Protein chains: 2
Amino acid sequence: MPPYTTTSLKAELNSRGWRLTPQREKILHVFQNLPRGNHLSAEELFHLLEQRGEPISLSTIYRSVKLMTRMGILRELELAEGHKHYELHQPHPHHHHHVVCIQCNRTIEFNSDSVLKQSLRQAEREGLQLIDCQLNVMTICPEALRMGWPSSLPSDWACSRAISEEEPSNSQLS
Amino acid sequence: MPPYTTTSLKAELNSRGWRLTPQREKILHVFQNLPRGNHLSAEELFHLLEQRGEPISLSTIYRSVKLMTRMGILRELELAEGHKHYELHQPHPHHHHHVVCIQCNRTIEFNSDSVLKQSLRQAEREGLQLIDCQLNVMTICPEALRMGWPSSLPSDWACSRAISEEEPSNSQLS
DNA sequence: CTTTTTGCAAAGTTTTTGCACTATA
DNA sequence: TATAGTGCAAAAACTTTGCAAAAAG
């Protein structure tokens, strides 16, 4: 279904008794222009729009991402500790899963047909309709293990792989 | 590694400079006697122990489940909305994944070698050590769809499958 | 006896809600 | 112009933290 245009988003919303608003359009726009592999938390989305000079209230953000997730437009990810992240919900061929380092939260995407197939099979087996499937592969880097994880690890220690991947490079996201 | 005895738990803790306490032992005991397919949130664990007349402070619960998760004794699940659930971390042959109904949060376990294999492969590819992998299959029952999900669904509506699965049957969990 | 762990209460995060106002269909 | 959506501020839900007392090794 994606990419959505203003028109198709409106149609999608209206068909369910919901309305197209500038806020919803802007939020979708952000996600559609987010570089591959990036995902935003509600707060990050809030700040991004704020910095862009198009502020939207935080509660509207929360309400919108939840709505758009239910509609199947966004995908809710629970990768890092604490807060949820959202990304565009891609159709099957682009559907992806995540490898996460539980030390630094760095994430890497990967594709897998077999995982999707397995998920479909299990949903079917229960007579349920598949909405989404997410495989989270939790890992730790050998360096962290060598450093004594999980007991003694200097509090300021970071994986060598933990490049500045924390903050999505906010430069020019549409 | 599981099942843990008091002795092996103590050894495991001590080897990392941690200590065996009655609280940690009780918590492990609860999980070891939890019927298959059940998992508890911090709060549920708190109430369970309270009702049993062996109260443990909520902050200790939080600290303990986090520690035991890092140690690989427990497994942290993010299935339902809002709060995390914990269960015993089973070794490979018993490792399982979950089908979840996003309407009623009912969960069903399933096993899959291929998913584990896929996870190992991806972790390896990145030079990372696999700690855990969790496949969450989000589904919705056809009845809910027929009732108009996701837009118009009576607020009190529940899947016919949504038996009293919400509260783990607290009857006599060791 | 040194160091970790606990329980408590207070504070921190993240998310939701009520309500008057505004905008959409 | 009826109904859905917004923004605000207040509340709720969940989790973490500081600290003094207690317990483990």
Side-chain angles (χ1 to χ4, degrees), chain A residues 6-28 39-47 49-50 54-71 74 76-86 105 150-153 155, chain B residues 6-7 9-28 39-47 49-50 54-71 74 76-86 105 148 150-153 155:
Chain A
T6 298
T7 316
S8 67
L9 175 62
K10 184 173 184 334
E12 192 67 23
L13 284 162
N14 290 351
S15 74
R16 312 200 197 190
W18 291 318
R19 296 177 181 179
L20 178 66
T21 65
Q23 288 86 341
R24 290 175 183 172
E25 205 177 339
K26 276 173 199 157
I27 290 172
L28 177 62
H39 22 74
L40 302 172
S41 66
E43 196 114 353
E44 286 165 343
L45 179 52
F46 174 74
H47 289 307
L49 285 162
E50 193 179 38
E54 303 186 317
I56 295 180
S57 120
L58 190 52
S59 39
T60 298
I61 304 263
Y62 274 109
R63 283 185 284 227
S64 299
V65 294
K66 178 173 261 186
L67 176 65
M68 292 164 87
T69 299
R70 283 206 298 159
M71 291 176 68
L74 296 182
E76 191 174 79
L77 306 174
E78 299 259 16
L79 303 170
E81 286 296 300
H83 41 203
K84 296 177 184 119
H85 281 72
Y86 297 85
N105 286 331
S151 46
S152 55
L153 198 56
S155 57
Chain B
T6 298
T7 317
L9 175 63
K10 184 173 182 338
E12 190 68 24
L13 283 162
N14 290 350
S15 74
R16 313 200 196 190
W18 291 319
R19 296 176 181 183
L20 178 64
T21 65
Q23 290 85 342
R24 290 175 182 172
E25 203 176 343
K26 277 173 200 158
I27 290 172
L28 176 63
H39 23 75
L40 302 172
S41 65
E43 195 115 354
E44 286 165 344
L45 179 53
F46 173 75
H47 289 307
L49 285 160
E50 194 179 40
E54 302 187 316
I56 296 180
S57 118
L58 190 52
S59 41
T60 298
I61 302 264
Y62 274 110
R63 283 185 283 226
S64 298
V65 293
K66 177 173 261 185
L67 175 65
M68 291 164 89
T69 299
R70 281 206 301 162
M71 290 178 69
L74 296 183
E76 191 174 77
L77 306 175
E78 300 258 18
L79 303 170
E81 286 297 299
H83 42 203
K84 296 176 184 122
H85 281 72
Y86 297 85
N105 285 332
S151 47
S152 54
L153 200 55
S155 58

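Bear in mind the structure is a predicted one, so any value in this text is a computation, not a measurement. Per chain, numbering begins at 1; letters A, B, ... match sequence-line order.
- Separation of atoms OG1 (Thr60(B)) and CZ (Arg24(B)) is listed at 9.0 Å; rounding is to 0.5 Å.
- Checking dA4(D), dG7(D), dG18(D) against every side-chain atom of Trp18(A), the shortest atom distance belongs to dA4(D).
- A straight line from CD of Glu25(B) to C1' of dT6(C) spans 16 Å, rounded to a whole angstrom.
- The nearest whole Å value for the distance from the CD1 atom in Ile61(B) to the C1' atom in dA13(D) is 17 Å.
- Closest approach to the Ile56(A) side chain among dG7(D), dG18(D), dG5(D) is made by dG7(D) (side chain taken as heavy atoms from C-beta onward).
- Atom-to-atom, CZ of Phe46(A) to P of dG7(D) comes out at 10 Å; the value is rounded to the nearest Å.
- Closest heavy-atom contact between Leu49(A) and Lys26(A): CD2-CB, 4.4 Å.
- With rounding to whole Å, Met71(B) atom CE is found 10 Å from dT5(C) atom P.
- The line from CG of Leu79(B) to NE2 of His85(B) is 7.5 Å long, rounded to the nearest 0.5 Å.
- Taking atom CG on Leu13(A) and atom P on dA25(C), their separation rounds to 9 Å, with Å as the unit.
- Side-chain proximity of Arg63(B) to the nucleotides dG7(C), dT17(C), dT4(C) is greatest for dG7(C).
- The side chain of Ser59(B) sits closest to dT17(D) out of dT17(D), dA24(D), dG7(D).
- Nearest nucleotide to the Arg24(A) side chain, out of dT24(C), dT17(D), dT6(D): dT6(D).
- Listed candidates were dA2(D), dC14(D), dG25(D). Nearest to the side chain of Lys10(B) is dG25(D).
- With the nearest nucleotide of DNA chain C identified for both Thr60(B) and Arg19(B), Arg19(B) has the one nearer the 5' end.
- For the pair Thr6(A) and Glu25(A), the minimum side-chain heavy-atom distance is below 4.5 Å.
- Rounded to an integer number of Å, the gap from CG of Leu40(B) to P of dC14(D) is 15 Å.
- Here dT6(C) is the nucleotide among dT6(C), dT16(C), dA4(D) with the atom lying nearest to any side-chain atom of Gln23(B).
- Residues Thr21(B) and Lys84(B) each lie close to DNA chain D; by heavy-atom proximity, the contact nearer the 5' end of the strand is made by Lys84(B).
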| Could you go step by step and tell me if Lys84(A) and Val65(A) meet the side-chain contact (heavy atoms from CB on, under 4.5 Å) rule? | CA-CA 10 Å; Lys84(A) 296 177 184 119; Val65(A) 294; over 6 Å; no

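- For the pair Glu44(B) CD and dA13(D) C1', the interatomic distance rounds to 14 Å; values are reported in whole Å.
- Among the nucleotides dT3(D), dT15(D), dG7(D), the one closest to any side-chain atom of Leu58(B) is dT15(D).
- Between Lys26(A) atom NZ and dG5(D) atom P the separation is 17 Å, expressed in whole Å.
- Under 4.0 angstrom from either OP1 or OP2 of dT16(D) there lies at least one side-chain N or O belonging to Lys66(B).
- Taking the side chain of Ser64(B) as heavy atoms from C-beta on, and the options dG25(D), dG5(D), dT6(C), the nearest nucleotide is dT6(C).
- Nearest nucleotide to the side chain of Asn14(A), out of dT15(D), dA25(C), dC8(C): dA25(C).
- The closest side-chain donor-acceptor pair between Glu50(A) and His47(A) falls under 3.5 angstrom.
- OP1 or OP2 of dT15(C) has at least one side-chain nitrogen or oxygen of Tyr62(A) nearer than 4.0 Å.
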